[in-house]
S.K.: 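Please see the structure below; I have some questions.
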Amino acid sequence: MATLEIDRVRKSYGHLEVLKEVSISIEAGDFLVLLGPSGCGKSTLLSLIAGLEEITEGEIRIGGQGVNDLMPKDRDIAMVFQSYALYPTMTVRENIEFGMKIRKIAKADREKATQAAVELLQIDHLLDRKPSQLSGGQRQRVAMGRALVRNPKLFLFDEPLSNLDAKLRVDMRTEIKRLHQRLGTTIVYVTHDQIEAMTLATRVAVMKDGIVQQLDEPQIVYERPANVYVAKFVGSPAMNIVPGTMAASNDTPVIRVRQTNGEDALMTNIPLSDAAKAKYAGKDVLVGIRPEGFSVNTNADANASVTIEVVEPTGPDALAMFTLGGADVTARVPPQTLKSGQVVSLGIDAAKIVLFDPQTEQRID
C-alpha cells in the first residue's frame with residue numbers, strides 16, 4: 001500500500017477542460033471514493049492515476065514517487081473495471097494467473113498467490129469454470145482476484161458494481177469493505193452512488209464539473225457539507241434547503257423561516273462563529289436540514305407548523321412531504337405517525353442545522 005498525492009492536476013481535450021486543478025492527498029491504507037454524477041471528471045481522474053491518459057498539467061505521486069512519465073505497467077497499480085474485462089476463452093484460474101504469467105512469475109508462486117486470492121474471495125470452487133458460466137457477482141470476484149494477486153501499491157475500482165442488480169450490489173459492497181479491512185490496501189474507487197461512497201470510504205471527494213467540491217470523511221461530508229451542491233448530492237433523501245433570514249437576539253443567532261400559516265418558525269442555538277453572526281445578522285440565508293433533523297412530539301429547539309401533503313412508508317420509517325419557507329421539504333419520521341392532510345408541529349434539531357450563503361451557496365461557519 002502507498003500514499004497518493006494528486007497535485008493541481010488539470011486535464012484538457014483541446015479547448016474542453018475536464019479537470020480543473022484537482023488536488024487530493026490520501027494516506028497509505030485509505031479508501032478514497034471519487035463521487036459525482038456522469039461527466040464530473042471522476043473516471044478521467046482515475047484514468048490519469050492509472051496512466052491511461054496523459055496529464056495536461058500538475059503531478060501525481062504514488063508512494064511519494066512522481067508517476068507522470070511512467071507507463072501503466074510501471075506504476076504498480078491494479079485496476080478493476082465495470083465490465084470485468086475477463087478473457088472469455090480462459091478459465092477462472094487462467095484469468096487470475098494471466099498477468100503473473102506475462103510477468104514471468106514462477107509457477108509455484110503463481111499458484112500460491114491464486115489460492116490465497118480465491119480463498120479470500122470464496123471462489124476456489126470456480127477455478128475451472130469460464131466467465132460465461134459465472135454470475136455477475138462471481139465475475140466481479142474473479143476480476144478482483146486478478147487484481148489481488150498483483151499485490152500492488154494501489155487498487156483502482158471503476159464503478160465495479162454498476163452492472164449488478166440491487167441485492168448483488170449490496171453483497172459485493174460488503175465484500176469489498178471486508179477486503180479492505182483485511183488487507184489494509186490503498187484504494188481509489190469511482191462511483192456515482194452516494195450510498196456506496198458513504199459505506200465504503202474513509203475519504204470522499206465529491207466532484208462537479210471537474211472540481212473537487214469537498215474532500216473529507218464520509219460522516220463530515222454528510223453532516224457538514226461544504227456547499228449546497230454537496231448537501232443535495234449526498235444523502236437519500238437529500239438535505240432540505242429552505243430560505244430563511246437571520247436576526248440577532250442577545251448575540252444568539254435566530255433564524256426565521258416562513259411557514260404556510262404566515263407565521264415564522266424560529267430556530268436558535270445554531271452553532272456559528274462570532275464573525276458569521278455579525279456578517280449575516282439581518283440577512284437572508286439558506287437553511288439546510290437533513291430529513292432526520294425533524295421529529296414528532298419532541299422538546300426540540302424549534303417547531304414548525306406544517307400541513308403534511310404526502311406520506312411514503314418505507315418500512316422502518318416513513319417520509320413525510322410538506323412545504324416550509326416556500327420549499328418542498330422531506331422529513332424522516334417513525335412509521336404510522338403522520339397522515340396526508342394532517343396539520344402538525346414538527347420539532348427541528350437546531351444543533352444539526354447547516355447554513356449556506358444564498359449567493360455563493362457555500363457553508364456558513
S.K.: More than 12 heavy atoms of other residues, nucleotides or ligands under 6.0 Å from CG of D328: yes or no?
M.R.: no
S.K.: Of all heavy-atom pairs between E196 and T191, which one has the smallest distance, and what is that distance?
M.R.: OE1-OG1, 3.1 Å
S.K.: Can R10 and E21 be counted as an ion pair, charged N to O under 4.0 angstrom?
M.R.: yes
S.K.: Flag the pair L127 / T91 as yes when at least one side-chain heavy-atom distance between them is below 4.5 Å, and no otherwise.
M.R.: no
S.K.: Any side-chain heavy atom of M90 within less than 4.5 Å of one from F98?
M.R.: yes
S.K.: Treating N95 as the side-chain partner and Y87 as the backbone partner, does any N or O pair qualify as donor plus acceptor under 3.5 Å?
M.R.: yes
S.K.: Which atom pair, heavy atoms only, marks the closest approach of S340 to V311?
M.R.: OG-N, 3.7 Å
S.K.: Is the side chain of T3 donor-acceptor paired with the backbone N or O of E27 at a distance under 3.5 Å, no angle test?
M.R.: no
S.K.: Please report the C-alpha distance between F322 and F294 in whole Å, then the side-chain angles of each, then the deciding distance to 0.1 Å, and finally whether the ring pair (Phe, Tyr, Trp, His ring centres under 6.0 Å) criterion is met.
M.R.: CA-CA 12 Å; F322 52 90; F294 294 94; 5.5 Å; yes
S.K.: Classify the ring geometry of F31 against H180: parallel below 30°, tilted from 30° to 60°, perpendicular beyond 60°.
M.R.: perpendicular
S.K.: Between K277 and Y280, is NZ or CZ placed under 6.0 angstrom from the six-membered ring centre and within 45° of the ring axis?
M.R.: no
S.K.: Which pairs pass salt bridge (charged side-chain N to carboxylate O under 4.0 Å, His left out) with one or both residues in residues 107-116, sequence neighbours excluded?
M.R.: E97-R110
S.K.: Got a sec, which residues hit ring pair (Phe, Tyr, Trp, His ring centres under 6.0 Å) with Y229, two or more places apart in sequence or on another chain?
M.R.: F233
S.K.: Please check if atom NZ in K177 has more than 12 non-hydrogen atoms from other residues, nucleotides or ligands closer than 6.0 Å.
M.R.: yes
S.K.: Can E17 and S12 be counted as having a side-chain donor-acceptor contact under 3.5 angstrom?
M.R.: no
S.K.: Looking at V9 and E59, what are the two nearest heavy atoms and their distance?
M.R.: CG2-O, 3.6 Å
S.K.: Could you give me the CA-CA distance, side-chain angles and deciding distance for D365 and R224, then say whether salt bridge (Lys or Arg N to Asp or Glu O under 4.0 Å) is met?
M.R.: CA-CA 10 Å; D365 289 317; R224 303 290 294 169; 2.8 Å; yes
